[in-house]
Amino acid sequence: MFKITVSADGREAQIECREAGGEAGVRLDAEALTGLIESLVGVRAEMKPVFSGHYAPGKITLAECDNLLWEAVPDPSRRGISLGFYHAGLGWVPLRLSRAQAEDFMTSMEFALADLGRMPGFQNARQNEKPNNLLTLKRRAAG
């Protein structure tokens with residue numbers, strides 16, 4: 001179906017489409033590829049079936065990072081916050097949350113951390129962490 005490769009200098013992506021009866025390809029620089037990704041995300045948001053509203057760890061590819069970049073700023077338009085997470089391939093992924101959503105998010109984080117603390121082998125997880133601020137996001141295959 002699709003084969004996507006990055007040029008040796010890392011400045012272009014080659015996208016090839018191989019279907020029965022034909023083949024096509026295009027080279028895109030980083031800006032054009034970003035535009036394509038944004039367009040694809042917008043189109044996918046309009047398609048059916050919609051994504052599940054339930055997060056299922058292990059069924060999707062995870063992005064891992066030892067030094068996650070994120071930022072939260074007040075958002076008067078929603079009387080809440082704008083929350084952004086940085087992803088090496090997507091750039092900044094912004095979310096706009098109402099105050100109630102932000103409070104629910106914080107509560108969910110607290111419960112998840114409390115649950116983690118009760119799991120075998122994780123009681124001293126923070127003491128064993130060795131942060132490395134130079135590592136980039138890595139993809140871990142689902143499954």
Side-chain angles (χ1 to χ4, degrees), residues 1-7 10-20 22-143:
M1 190 165 168
F2 289 100
K3 179 182 177 189
I4 304 172
T5 56
V6 177
S7 63
R11 296 195 179 276
E12 291 183 324
Q14 174 72 29
I15 302 173
E16 297 175 16
C17 179
R18 294 186 178 128
E19 292 291 326
E23 183 175 318
V26 64
R27 287 185 91 70
L28 302 172
D29 64 12
E31 185 177 346
L33 184 60
T34 297
L36 175 61
I37 291 168
E38 289 174 355
S39 295
L40 289 171
V41 168
V43 168
R44 179 59 182 97
E46 296 176 19
M47 293 176 69
K48 292 183 178 27
V50 298
F51 286 112
S52 168
H54 176 71
Y55 173 60
K59 297 199 179 203
I60 60 171
T61 301
L62 297 175
E64 292 185 331
C65 178
D66 286 339
N67 185 29
L68 175 68
L69 297 176
W70 58 274
E71 190 162 335
V73 295
D75 186 346
S77 70
R78 286 277 308 251
R79 295 186 179 167
I81 64 168
S82 289
L83 181 63
F85 294 97
Y86 182 79
H87 182 279
L90 297 173
W92 284 95
V93 178
L95 302 169
R96 185 178 278 163
L97 305 175
S98 67
R99 183 178 185 95
Q101 289 172 314
E103 289 171 353
D104 287 347
F105 179 70
M106 289 172 42
T107 300
S108 294
M109 294 290 284
E110 290 170 357
F111 277 105
L113 290 170
D115 290 345
L116 179 64
R118 289 190 283 274
M119 294 177 78
F122 283 92
Q123 288 79 9
N124 297 316
R126 289 205 50 106
Q127 293 175 2
N128 298 326
E129 285 181 1
K130 293 181 177 144
N132 182 344
N133 296 339
L134 302 177
L135 290 180
T136 58
L137 289 170
K138 301 171 279 197
R139 293 176 60 83
R140 180 171 68 192

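With rounding to the nearest 0.5 Å, the separation of CD in Glu110 from CG in Leu113 is 8.0 Å. Annotation: the span from Leu95 atom CG to Phe105 atom CZ amounts to 8.0 Å, rounded to 0.5 Å. Separating the CZ atom in Arg18 from the CE atom in Met1 is a distance of 13.5 Å, to the nearest 0.5 Å. Rounded to the nearest 0.5 angstrom, Leu68 CG and His87 NE2 are separated by 10.5 Å. Taken from CG in Leu40 to CG in Leu33, the straight-line distance is 9.0 Å, to the nearest 0.5 Å. A distance of 9.5 Å separates CD of Gln101 from CD1 of Ile81, quoted to the nearest 0.5 Å.
Heavy atoms only, all atoms of each residue included: Ala72 and Leu83 are closest at CB-CD1, 3.9 Å. The two residues Asp75 and Arg96 come nearest to each other via the heavy atoms OD2-NE, 2.6 Å. Residues Trp92 and Gly84 approach most closely at CZ3-O, 3.5 Å, considering heavy atoms. Heavy-atom minimum distance, Ser7 versus Arg11: OG-N, 3.3 Å.
Contact of the Leu36 side chain with the Ile15 side chain is registered, since non-hydrogen atoms from C-beta on lie closer than 4.5 Å.
Remark: Glu23 CD is packed, more than 12 non-hydrogen atoms of other residues, nucleotides or ligands lying under 6.0 Å away. By the 6.0 Å contact criterion, CZ on Phe111 is open, its count of non-hydrogen atoms from other residues, nucleotides or ligands being 12 or less. Within a 6.0 Å radius of CZ in Arg99, other residues, nucleotides and ligands contribute 12 heavy atoms or fewer. For Arg44, the CZ atom sits in a packed shell: over 12 heavy atoms of surrounding residues, nucleotides or ligands are nearer than 6.0 Å.
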